[in-house]
Amino acid sequence: MQSANKKGGISVQTEHIFPIIKKWLYSEKDIFLREIVSNAADAVTKLKRLESLGQYDSKGESYRLEVILDPDAKTLTVSDNGIGMTEEELDRYLCQIALSGALEFVQKYEDGNQNNGIIGHFGLGFYSSFMVSDTVEVITASYTGAPAVHWVCTSDGSFEMSAAEREGHGTSVIMHISDEEAEFLKESTVREILNKYCSFMPVEIYFSVSGKEDDKEAEAEATPVNDTTPLWLKSPSECTPEDYKAFYRKVFSDYKEPLFWIHINADYPLNFKGILYFPKIDTRFEPIEGQVKLYYNQVFVADNIKEVIPEYLLMLKGVLDCPELPLNVSRSYLQNNAYITKVSAHIVKKVADKLNSLCNTEREEYEKLWSDIRVFTEYTCMRDRKFYDRVKDSLLLELTNGSHVTLTEYLESAKETNENTVYYTTDKAMQAQYISMFEAQGIRVAVLDQPIEVQFVSTLESYSDGVKFLRIDADIAGALKGEEAVADGEALTALFKKASGEENLTVELLSLKDESVPLLLTVSEEARRMEDMMKYFAAAGNGFTPPPMPNDLKLTVNTASPLIRKLTEMSAEKQEAAATYLYRSALLSQKKLTAEELQSFLAAGYGLLELL
């Protein structure tokens, strides 16, 4: 038998849907207050729109929202003097779940433009009130002068609607908080929620607490809780440095002043605003997790939305107001949203533009900030080639004397001595001897002493055409060399191999310009970088054990040194003691000696003194 065709709409019974709303509508229950206050703000926004169209005359009335807590009556009330509702509208918006008046209003008055600050007056968010309430009342009066209406609904979905009295237009939502959710009857809890979600809503919000005192009704004075014109809505030209710092302290409760800030005011098609701050990091060991707050038309949405800010910029603090996003936004939505991808790319560009601006127009101040932003900037360059291409002329190298130069400036000044090579130190104390030798020949030495810079120099070499980075103990620079040694050095080579205990040690005999240094130990740049990388992975705590690295030491014997010349004239016993002592001295400048090496070093020194 063939079944008959049938069409219809899905029916949802309130006794089934309300338990779901109560438990699952939002992951955090405190969002209910944001939703109800947002609805109230929408009601005001709509009435302001009608006034701008000449369809309503407020006669100078000021708009405001009231949040009133009454712990004795176990109620939390949100009241507005906005557009209000007629009996027909109340029935349409509240008695049919998820039918929002926002789309209808926009279609009628906004010519299809939904980017208007109207979130969704009495949409599904209204029912979040039942997450914490046994009963919810609505008393409303339309701006049209229609009779006021009273609507009351219990958590099982049963409602009653009747005539009411209300002074003036607008809506009051009275939530009777359930015993299980008594924490929302605490003044501190309500104030904290308002501060979190409503600090920058576009309509003035006042909070007060009602109660009984000596059997007489007493009401605390209403206090304002929000700033209707947050700093990000203003033009940067209207904001002073103190304005930016005060806003930072207010939003993030951070006693340290930010290093600098970026004021974003992106127009069509991105249409978002915000302020991003570079926070002051006290030490390299301090966590650098930032905090970027996401807003929708001045309504707080969430903290640390990692999908909006690239991972390598997460040390930033700030606020972003994105009216193109829905108020209740999910992570999966953000991860697959083309708008978010464009916003993220725009933020990266603005950060790069700010660094370039500081470097080009405030160079002295920029150099003072460099130590604080250096690791962040280098890491970002490693993660994003486009970012590097934008800021490459603003990357600074700190020199051993504390001054700073860009990479271009360093290479330009070094044309005569080191041909497209940057010489650097990772430890000014340990490598002091090498530093003095290089600087004596007019070669400037950069300081790259952060762990990340092992990888950063490799990145720069891959990005730059022919630029090479060499640690000062990686090789003997051409500028340090004198004449090649011409004397037969087989005896010296054998002597130092024996002194080192390394038969495979590479020994090079050279005459250096600096005669005061008898020996130099070097490790090739490639081998040392590989060793540093292995140590880095091992330190990451992932159970990785670095494999033993091949011995890549090279010993340069300075035949121009008077000490080496004297060494050739000594007796065999003295030669061996002196060579051992000299080798261990050179080794000490490369690394921390092992117990055995230190013992050998001291013994050689004592033995040498005895012989002398």
Side-chain angles (χ1 to χ4, degrees), residues 400 417 423 425 427-443 445 470-525 528 551-594 596-612:
T400 50
T417 55
Y423 290 99
T425 175
D427 189 322
K428 289 198 293 184
M430 182 72 76
Q431 296 150 16
Q433 183 184 56
Y434 296 89
I435 292 172
S436 63
M437 291 179 65
F438 275 75
E439 291 182 342
Q441 300 302 320
I443 300 175
V445 179
L470 285 178
R471 202 168 83 172
I472 50 177
D473 56 351
D475 196 4
I476 300 301
L480 302 184
K481 293 181 182 179
E483 298 296 325
E484 292 288 333
V486 293
D488 182 6
E490 290 185 9
L492 278 176
T493 300
L495 175 64
F496 281 105
K497 282 188 176 184
K498 182 178 181 181
S500 70
E502 299 283 349
E503 185 58 34
N504 295 324
L505 177 69
T506 300
V507 179
E508 177 184 45
L509 304 180
L510 287 178
S511 175
L512 302 182
K513 292 180 179 179
D514 188 342
E515 298 181 355
S516 66
V517 180
L519 298 180
L520 284 175
L521 264 176
T522 58
V523 180
S524 74
E525 183 75 11
R528 187 191 54 74
N551 187 342
D552 199 43
L553 284 175
K554 180 169 72 172
L555 180 68
T556 298
V557 180
N558 183 10
T559 57
S561 166
L563 194 53
I564 296 299
R565 288 200 295 268
K566 280 189 177 181
L567 190 66
T568 61
E569 302 168 1
M570 294 179 183
S571 65
E573 186 180 9
K574 288 183 178 180
Q575 273 189 348
E576 187 173 337
T580 301
Y581 183 81
L582 289 172
Y583 176 78
R584 297 300 179 196
S585 298
L587 190 63
L588 189 60
S589 68
Q590 269 289 344
K591 65 168 189 171
K592 183 178 180 180
L593 298 183
T594 65
E596 183 181 345
E597 289 169 339
L598 180 60
Q599 187 176 10
S600 173
F601 174 60
L602 294 173
Y606 299 149
L608 187 60
L609 287 173
E610 289 176 3
L611 290 172
L612 294 176

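Listed here is the closest heavy atom pair of A474 and E525: CB-OE1, 3.5 Å. T559 approaches I564 most closely through the heavy-atom pair CA-CG2, 4.4 Å. What you find for T425 and R471 is that their closest heavy atoms are CA-CG, 4.4 Å. Considering every non-hydrogen atom in both L495 and A579, the closest pair reads CG-CB, 3.7 Å. The two residues A586 and L521 come nearest to each other via the heavy atoms C-CD1, 3.8 Å. For L519 against Y583, the heavy-atom pair with the smallest separation is CD1-N, 3.7 Å.
By the 4.5 Å heavy-atom criterion applied to side chains, F496 and L567 are counted as neighbours. Within the 4.5 Å cutoff, the side chain of M430 has no heavy atoms near those of the D473 side chain. In this structure, the side chains of I472 and I443 stay at 4.5 Å or more apart for every pair of heavy atoms.
A donor-acceptor pair under 3.5 Å links the side-chain atoms of R565 to the main chain of A560, judged by distance alone. Not a single donor-acceptor pair under 3.5 Å links the side chain of E503 to the backbone N or O of K497.
Distance NZ/K566 to CD/Q575: 14.0 Å, rounded to 0.5 Å. Between K554 atom NZ and T522 atom OG1 the span is 5.0 Å, to the nearest 0.5 Å. For the atom pair OG1 of T556 and CG of L510, the computed distance is 5.5 Å after rounding to the nearest 0.5 Å.
For the side-chain contact (heavy atoms from CB on, under 4.5 Å) test, no residue two or more places apart in sequence or in another chain qualifies with S436. Applying the side-chain contact (heavy atoms from CB on, under 4.5 Å) rule to Q433 yields the partners V517, L520; only residues at least two apart in sequence or on another chain are considered.
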*Before giving the answer on side-chain contact (heavy atoms from CB on, under 4.5 Å), spell out for E490 and T493 the whole-Å C-alpha distance, their side-chain angles and the decisive distance to 0.1 Å.*
CA-CA 5 Å; E490 290 185 9; T493 300; 5.6 Å; no
_Step-by-step side-chain contact (heavy atoms from CB on, under 4.5 Å) determination, V557 to V507_ = CA-CA 7 Å; V557 180; V507 179; 3.9 Å; yes
*side-chain contact (heavy atoms from CB on, under 4.5 Å) between V445 and Q431: does it pass, once the steps are laid out?*
CA-CA 11 Å; V445 179; Q431 296 150 16; over 6 Å; no
